Structure formats: C-alpha cells, structure tokens
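Here the structure is a predicted model, which means the values were calculated and not measured. Starting from 1, each residue takes its place in the sequence as its number.
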Amino acid sequence: MDDCALSVTLNGDLGQIDPALWDACANPQGAQPPLDPFTTHRFLHALERSGSVGAGSGWEARHILVHQGGDLVAVAPHYVKSHSQGEYIFDHAFAQAYARAGGQYYPKLQVAVPFTPATGRRFLCKPGFEAQGTAAILQGMAQIARENRLSSAHVTFCTEDEAALGAEQGFLHRVTEQFHWENPGYQDFDGFLSALSSRKRKTIRKERATALGFGGTIRALTGDALEPAHWDAFWEFYQDTGARKWGTPYLTRAFFDLVQDHMRDDVLLVLAERDGEPVAGALNFIGQDVLFGRYWGCVEDHPCLHFELCYYQAMDFAIARGLGRVEAGAQGTHKLARGYMPTRVHSLHYFPEPGFHKAVARYLSEEGRAIEYEMRVLADYAPFRKTDGG
C-alpha cells in the first residue's frame, strides 16, 4: 500500500469523529475565535444532535473524510439533500429544467453549512494538504454522483480560491451576491459616519435615535453573560421569523441549548428589553475576522429597531473587536444605504449528464454578466462620500 495515497470515505455521524481531529482541519491554527465558527465540530455536531439535520429534515449527513495512511488530512461538511431549502444559493431553476427533461433532480449532493449563507472554507484541509485534499473531495463528490446516478453535486458559499480549484476539477463556478460591511479600521461608529455623505449620516443618526425610542434598553451579550433564559426569549423571536419566512423554522429548540452549552463564546446576542423583558433580538456568530449576522426576531414592532439590532449594533461590535467585516446574511438591497456593499459570493456545481452540464454553464455565464452589471449599478448608490465635500 502506498502510504502517500489519499483515501476518501463518508461518515454519517459527526459524533463518531474526534472533535480535535476535525478541528485540526477546520481551524488549523487553533485560533479562538475560530476562522469560521460554522465549520467547527461543535457547530455542525450541534445541528446533528439537536435534530435540526438528519432524518426527516432533507439534510442527511455524509461527511467527506480524506485520510493519508492513518491520518485525517481533509474533511468537508457534506449532505445528501432531498430538497433545495435552507441553502440560500438557489437552484430551483436547475431542478425545474432537470424535471422537464425527464430527470429526477433529488436527491443531490451538497457541501455546505446547513441554513447558513456565510462565506467560508468548505474544503477543510490541514496545512500542506490544501491542493490534494481539495482535489480529493471534489473528485470524490463527482464520482459519488456518477456512480449513484444522482443529478448533481454542489458546493455553496465557498471561498474564491476554492471556486477556482473547483473549476479546474470540472465544476461550474457560479457568482451571486450579498451585502457585506467592511471595516477599514474605524476607531468608532462616528468614524464610519464621517465616511458617508452628509445626507446619509443624518439618516442613520435619525434611525438610531428612532430605534432607541422604543422605551427600553439594548444589551449586547456574549460568553458567560448569556443565560438559558435569554434563549427562551430568542426562541420565541426565531419561531415567529422562521414561520413567516420559511413556513417552518429550520433549527430546533435543542440547537440553542447546545449553543449555550458549547458555543456561547462564539455568539453575540443583541437584545432589546423593556421593563426587564426582551421584545426583540438579533443573533450573530463571531469569527476570527468576521461577525456573521444570522437571525432576527421580535414580539413587538418598533420603527428602525431591526436596523439597530441587526446592522448598527453589529458594526459597533466589529469596530470594538477590530473585526474586518460584518456579513448580514442573504439578500437585502436595503442594506446598501447602511454601508453594506454588494459583494461576490461563490459556489460550485457539477452535473454528470454532459448536455445538462453544458446548458447550466451557458446559463451561469449569462447570469454572471447580469450580476456584475447589477453590482456596478448598486455601487453607484453607495452612501459613502463621492468627494471631500460630500
């Protein structure tokens, strides 16, 4: 046996994998906060233990493990999907076209973090194994799709570098967009405001003042400041938002208990409280250089409170922590006026049927040109000063 050869296997239960071995690939520098909280063993395992993914969810874990000899050198969070929900890079058009052509689109393969539209590494390799580990994962996905006569294999919210490597392996590179706030090193929120046009500065100051008029206080909680009662309140907010946006909330109540037990240092929970009772909240996860905004909800509607809790409080925290970026989730051109700029998002797609693969390639080429044009147009509406006297 060649000790240098790489082998690829699948695992359907993250609980069977030593967290230290997984995280040696997911967070190889051992940094705290981690490079990306969503690919850590504790986050992905919480999804499985809580029943948020697994039987009946449409997300069946089949994590990819790459070994060299007895050493785990690369991993990927990998799922068999029976629908396209909870992905945020939409392939409904592909599914419909595949069905019209007489094919069965589901199940399909997906490397992703469930329910999480946040860019990060998807091919999690130990240092020195990046190229061969990534190639092994991609080749493994393609082989599994072909041998099992599956419609497709997808990698969503990967990095731009990973997208380039995927294209070399025959996957189609797709570019879509989100809105991210960049922190070039502001000393405080006023430093950010000084970069805006005078009209936009006034608007944001007015929005923040209006939000604070709800009659209570706003608290930003992380680490040991978080208590189980805070999650009781946030669960109510999350259920309301989830029911309106997706019909059924993706995450179970048990997931938030596991976050409290194992991930509270990775979390920023912003709560609006009146008379000691939470009335609205926004949940963020903390990365090494990025704050990821994830969920918002409320039991009372108040003007501008959503903007304050989801956007401005996140910016305050990022500035205080010296974080370089805030990602505020999927979609939302309304974020532009608040300093969140259009940003490219990358994904990879593979279709074993050659004719369909070529058809999607043509579609993505046209879509990519449209996205680039839209991003240029939107950039002209940025709130930042065009001149020194703006």
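Tested against Asp91 for a side-chain hydrogen bond (donor to acceptor under 3.5 Å, both in side chains), the candidates Lys81, Arg174, Lys108, His349 yield a single pass: Lys108.
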Margin query: Determine whether Val113 and Phe43 satisfy the following criterion, side-chain contact (heavy atoms from CB on, under 4.5 Å), listing intermediate values before the conclusion.
Written below: CA-CA 9 Å; Val113 177; Phe43 183 88; 3.7 Å; yes
Item checked: Evaluation steps, side-chain hydrogen bond (donor to acceptor under 3.5 Å, both in side chains), between Gln178 and His180 -> CA-CA 7 Å; Gln178 281 186 342; His180 299 170; 2.8 Å; yes
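Between Arg208 and Asp316 a salt bridge is recorded (basic side-chain N to carboxylate O distance below 4.0 Å). A salt bridge links Arg369 with Glu366: the distance from a Lys NZ or Arg NE/NH1/NH2 to an Asp or Glu carboxylate oxygen falls below 4.0 Å. At a threshold of 4.0 Å, the pair Arg264-Asp224 counts as salt-bridged, since one of the basic side-chain nitrogens sits closer than that to a carboxylate oxygen. A salt bridge is defined here as a Lys NZ or Arg NE, NH1 or NH2 lying under 4.0 Å from an Asp or Glu carboxylate O, and Arg253 with Asp232 meets this definition.
If you take CG on Leu72 and SG on Cys25, they are separated by 4.5 Å, rounding to the nearest 0.5 Å. Between the CG atom of Leu221 and the CG atom of Leu283 there is a distance of 11.5 Å, given to the nearest 0.5 Å. Between the CZ atom of Arg325 and the CD atom of Glu327 there is a distance of 4.5 Å, given to the nearest 0.5 Å. Atom CG of Leu291 and atom CZ of Arg321 lie 9.0 Å apart (nearest 0.5 Å).
Atom CD of Glu182 has more than 12 heavy atoms from other residues, nucleotides or ligands within 6.0 Å. Atom CG of Asp275 has 12 or fewer neighbouring heavy atoms from other residues, nucleotides or ligands inside a 6.0 Å radius. Within 6.0 Å of atom CD in Gln187, 12 or fewer heavy atoms from other residues, nucleotides or ligands are found, so the atom counts as exposed in its surroundings. More than 12 heavy atoms of other residues, nucleotides or ligands lie within 6.0 Å of CG in Asp380, so this atom counts as buried by the packing criterion.
Aromatic ring centroids of Phe94 and Tyr105 lie 6.0 Å or more apart. Aromatic ring centres of Tyr312 and Phe307: separated by at least 6.0 Å. Aromatic rings of Trp22 and His63 (six-membered ring for Trp) have centroids within the 6.0 Å cut-off, being under it. Between Trp181 and Tyr311, the distance from one ring center to the other does not fall under 6.0 angstrom. Side-chain rings of His334 and Phe179 stay apart, their centers remaining 6.0 Å or farther from each other.
At a threshold of 4.5 Å between non-hydrogen side-chain atoms, the residues Ile286 and Phe317 count as touching. Residues Pro28 and Leu35 have side chains in contact (heavy-atom distance under 4.5 Å, counting atoms from C-beta outward).
Ring planes of Tyr238 and Trp235: tilted class, angle from 30 to 60°. The aromatic rings of Phe90 and His92 lie parallel to each other, their planes meeting at an angle below 30°, with 60° marking the opposite boundary.
In plain terms, the two heavy atoms of Leu10 and Arg62 that are nearest each other are CD2-O, 3.7 Å. Contact record, Phe292 with Ala118: CD2-CB, 3.5 Å, taken as the closest heavy-atom pair.
Pairs passing the salt bridge (Lys or Arg N to Asp or Glu O under 4.0 Å) check and including a residue from residues 329-342, sequence neighbours excluded, read Glu207-Arg338. Residue pairs meeting the side chain to side chain donor-acceptor pair (under 3.5 Å) criterion with at least one partner in residues 116-138, sequence neighbours excluded, are absent. For the salt bridge (Lys or Arg N to Asp or Glu O under 4.0 Å) condition, no pair includes a residue of residues 157-171, sequence neighbours left out.
Under the 3.5 Å distance criterion, the side-chain polar atoms of Tyr98 are left unmatched by any main-chain donor or acceptor of Gln104. A donor-acceptor pair under 3.5 Å is formed between the side chain of Arg385 and the backbone N or O of Ser194. At distances below 3.5 Å, not a single donor-acceptor pair connects side-chain atoms of Glu227 with backbone N or O atoms of His230. Between the side chain of His83 and the backbone N or O of Ser57, at least one donor-acceptor pair lies under 3.5 Å.
Glu308 and His306 form no side-chain donor-acceptor contact under 3.5 Å, judged by distance and modelled atom types alone.
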